[in-house]
Number of protein chains: 2
Amino acid sequence: MGSPAASDDGNFPACQAREILGRIGDKWSLYVISLLGEDTKRFTDLKRGVEGISQRMLTVTLRGLERDGIVTRTVYPVMPPRVDYALTPMGRTLLETVGTLVAWAEEHVADIDGARAEYDERESYALRPLSSP
Amino acid sequence: MGSPAASDDGNFPACQAREILGRIGDKWSLYVISLLGEDTKRFTDLKRGVEGISQRMLTVTLRGLERDGIVTRTVYPVMPPRVDYALTPMGRTLLETVGTLVAWAEEHVADIDGARAEYDERESYALRPLSSP
DNA sequence: CGGAATCCGATCTGATACTG
DNA sequence: CAGTATCAGATCGGATTCCG
């Protein structure tokens with residue numbers, strides 16, 4: 001329904017791969033996946049484990065990962081509620097790569113910080129016509 | 001106005017690592033990095049190589065990667081302009097991991113597509129009170 | 001505890017037009 | 001060729017409130 005023949009990019013394989021990369025490449029997803037590891041974790045565990053994530057973003061992220069078949073969500077009908085999250089077999093195949101990526105980011109914080117400072121100086125400098133204080 | 005000492009998260013290491021993950025985890029960055037590989041490529045080559053990227057997003061992505069010290073940008077002062085992009089040594093250390101991630105996404109398009117269909121059905125089904133057509 | 005729903009400013013992004 | 005500038009629409013994401 002709706003659009004007859006316009007923009008069916010949505011079904012284009014390359015477009016789907018991009019969407020998937022968007023999901024797993026998301027900073028929150030990366031942390032959630034690497035934090036889950038081989039274990040089963042509860043919502044609050046993840047919230048504590050992923051520094052700085054809001055409840056909303058954790059919920060949204062987990063929903064997305066669940067929908068894509070990367071994590072499983074198990075609800076126990078008790079009060080107070082208890083929900084367990086874990087990686088699916090497919091999700092586990094991501095673990096090593098994601099772990100490497102997260103580790104890379106953490107290892108290169110200083111390098112990148114330096115590169116940024118250098119770049120910013122170069123740029124502000126390039127933009128200034130002639131003088132320097 | 002308001003917050004005097006609140007939210008200096010900006011300098012917090014964990015926050016910086018997240019920001020870096022946000023950059024390299026970005027779908028466009030991932031494609032650009034893996035496409036660059038060991039080579040030097042021109043702007044237009046990248047534009048053609050990264051399916052579906054707009055000129056604007058390619059520019060923005062490359063600027064970010066340059067600022068973070070992941071790619072180099074070489075401008076030749078000729079007409080018409082010529083600009084070469086390549087990975088820095090630091091950028092090259094990402095290549096294997098990023099390549100794996102991109103390959104993973106492409107390999108799992110079908111699986112994830114299936115998982116999504118299943119999830120969507122389960123959900124729409126769960127939300128409906130009782131009846132089914 | 002683990003959400004869902006809503007509000008709303010901030011950010012992102014594509015389209016378009018212009019340029020050296 | 002390789003951008004920059006601008007603008008409007010879409011999306012993101014935090015804060016808040018309410019719920020079983």
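Quick caveat, the model's predicted, so the values are computed rather than measured. Naming convention: chains lettered A, B, ... in sequence-line order (proteins, then strands); numbering from 1 in each chain.
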- Query: Less than 4.5 Å apart, any side-chain heavy atom of A/Trp28 and any of A/Leu58?
  - Reply: no

- Distance, rounded to the nearest Å, where A/Arg42 contributes CZ and C/dC1 contributes P: 8 Å

- Message: Using a strict threshold of under 4.0 Å (side-chain N to carboxylate O), is an ion pair present between A/Asp84 and A/Lys41?
- Response: no

- Message: Without decimals, in angstroms, what is the distance between A/Arg82 CZ and C/dG3 C1'?
- Response: 16 Å

- Query: Charged N to carboxylate O below 4.0 Å: is that the case for A/Glu123 and A/Arg116?
  - Reply: no

- Item | Proximal nucleotide (of D/dG14, C/dG14, D/dG3) relative to the B/Gln55 side chain | D/dG3

- Query: Rounding to a whole Å, what distance do you find between A/Asp26:CG and D/dG13:C1'?
  - Reply: 11 Å

- Can you tell me if B/Trp104 and A/Thr97 form a side-chain donor-acceptor pair at under 3.5 Å? no

- Task: In whole angstrom, give the distance that lies between atom CG of A/Asp84 and atom C1' of C/dG3.
- Result: 15 Å

- Round to the nearest Å and state the distance from A/Leu58 atom CG to C/dG3 atom P. 8 Å

- Residue B/Arg73, side-chain atoms from C-beta onward, closest of D/dG20, C/dG3, D/dG3: D/dG3

- B/Leu62 atom CG is separated from D/dC1 atom C1', nearest whole Å, by 14 Å

- Message: Reading DNA chain C from 5' onward, which residue's closest nucleotide shows up sooner: B/Pro80 or B/Ile53?
- Response: B/Ile53

- Query: Would you say D/dT4 has OP1 or OP2 under 4.0 Å from some side-chain N or O of B/Arg63?
  - Reply: yes

- Query: Just how far, in rounded Å, is P of C/dG14 from NZ of B/Lys47?
  - Reply: 10 Å

- Query: OP1 or OP2 of D/dT16 sitting under 4.0 Å from any side-chain N/O of A/Arg56?
  - Reply: no

- Across the strands shown, which category fits B/Tyr85 at heavy-atom distances under 4.0 angstrom: base, sugar-phosphate, nothing? sugar-phosphate

- Give the nucleotide from the list D/dC1, D/dG3, C/dG3 with an atom nearest to the side chain of B/Phe43. D/dG3

- Query: Which residue lies toward the 5' end of DNA chain D, A/Pro81 or A/Lys27, if each is placed at its nearest nucleotide?
  - Reply: A/Lys27

- Could you state the CE-P distance from B/Met57 to D/dG3, rounded to the nearest angstrom? 14 Å

- Task: List the steps, then state whether salt bridge (Lys or Arg N to Asp or Glu O under 4.0 Å) holds for A/Asp45 with A/Arg48.
- Result: CA-CA 5 Å; A/Asp45 295 336; A/Arg48 263 195 306 270; 3.1 Å; yes

